[in-house]
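The block underneath contains the structure these notes are about, expressed in structure tokens.
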Amino acid sequence: MRIVASPEAEDHIARRGGQLYVWVQPRRCCGGPAFLEAATDPPQHLRRGVPTRFDRVEGGAFVVHLAHGNLAVPDELHVELHGRRHPQIRAYWNGCAYVGLV
């Protein structure tokens, strides 16, 4: 998996410990598109669908902890920072915010 991160995202992740957690989050109870969530802290496992197992991927400037479930690992994981006042890290699976139907 190739990790493509903007300089702003790399800096944001580095300032928060150099760890990025990325997981697939289903939006519906019975299938439908699953979107990616990303955070610099491990997700709380209190919400439905939040994974408990992450694979560690060394990504150069930071470490990615990826929970991809039964999906194949993406060819590329794009990481960007959005917003100025309350910046949010976002990840894109092969350039997409969603990974299809799960």
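All values below were derived from every heavy atom in this structure, side-chain atoms included, with hydrogens, water molecules and symmetry-related copies excluded. Fair warning: this is a prediction, and the values are worked out from it, not measured in the lab.
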**OP:** Determine, step by step, whether Val63 and Val57 satisfy the side-chain contact (heavy atoms from CB on, under 4.5 Å) criterion, reporting the C-alpha distance in whole Å, the side-chain angles of both residues, the deciding distance to 0.1 Å, and the verdict.
**Re:** CA-CA 6 Å; Val63 175; Val57 179; over 6 Å; no
Original post:
According to a 4.5 Å side-chain heavy-atom criterion applied to Ile, Leu, Val, Met, Phe, Trp and Tyr, with indirect links allowed, do Leu36 and Leu81 form part of one hydrophobic cluster?
Top reply: yes
Subject >> Close side-chain approach of Pro74 and Met1, heavy atoms under 4.5 Å >> reply: yes
**OP:** First locate atom CZ of Arg90, then atom CD of Glu37, and finally report the distance between them rounded to the nearest 0.5 Å.
**Re:** 10.0 Å
**OP:** Report the C-alpha distance between Trp93 and His68 in whole Å, list the side-chain angles of each, state the deciding distance to 0.1 Å, and finish with yes or no for side-chain contact (heavy atoms from CB on, under 4.5 Å).
**Re:** CA-CA 10 Å; Trp93 189 284; His68 54 89; 3.5 Å; yes
Original post:
Do we see a donor-acceptor contact under 3.5 Å between the side chains of Asp55 and His65?
Top reply: no
**OP:** Identify the residue among Glu8, Arg16, Glu10 that makes a side chain to side chain contact (heavy atoms under 4.5 Å, CB included) with His12.
**Re:** Arg16
Original post:
Is there a donor in the side chain of His78 and an acceptor in the side chain of Glu76, or the other way round, less than 3.5 Å apart?
Top reply: yes
**OP:** Rounded to the nearest 0.5 Å, what's the gap from CD1 on Ile89 to OH on Tyr21? Could you check?
**Re:** 14.0 Å
Original post:
Taking C-beta and beyond as the side chain, do Val64 and Phe54 meet within less than 4.5 Å on heavy atoms?
Top reply: no
**OP:** Grab the two heavy atoms, one from Val73 and one from Leu66, that are nearest each other, plus how far apart they are.
**Re:** CG1-CD2, 4.2 Å
Original post:
If Ile, Leu, Val, Met, Phe, Trp and Tyr residues are connected whenever their side-chain heavy atoms lie under 4.5 Å apart, and connections chain through other members, are Tyr92 and Val24 in the same group?
Top reply: no
Original post:
Under the side chain to side chain donor-acceptor pair (under 3.5 Å) test, which residues partner Asp11, sequence neighbours left out?
Top reply: Arg15
**OP:** Starting from the C-alpha separation in whole Å, work towards a yes-or-no answer on side-chain contact (heavy atoms from CB on, under 4.5 Å) for Val79 and Ile13.
**Re:** CA-CA 10 Å; Val79 182; Ile13 294 165; 4.0 Å; yes
Subject >> Stepwise side-chain contact (heavy atoms from CB on, under 4.5 Å) check, Leu77 with Val4 >> reply: CA-CA 6 Å; Leu77 184 72; Val4 180; over 6 Å; no
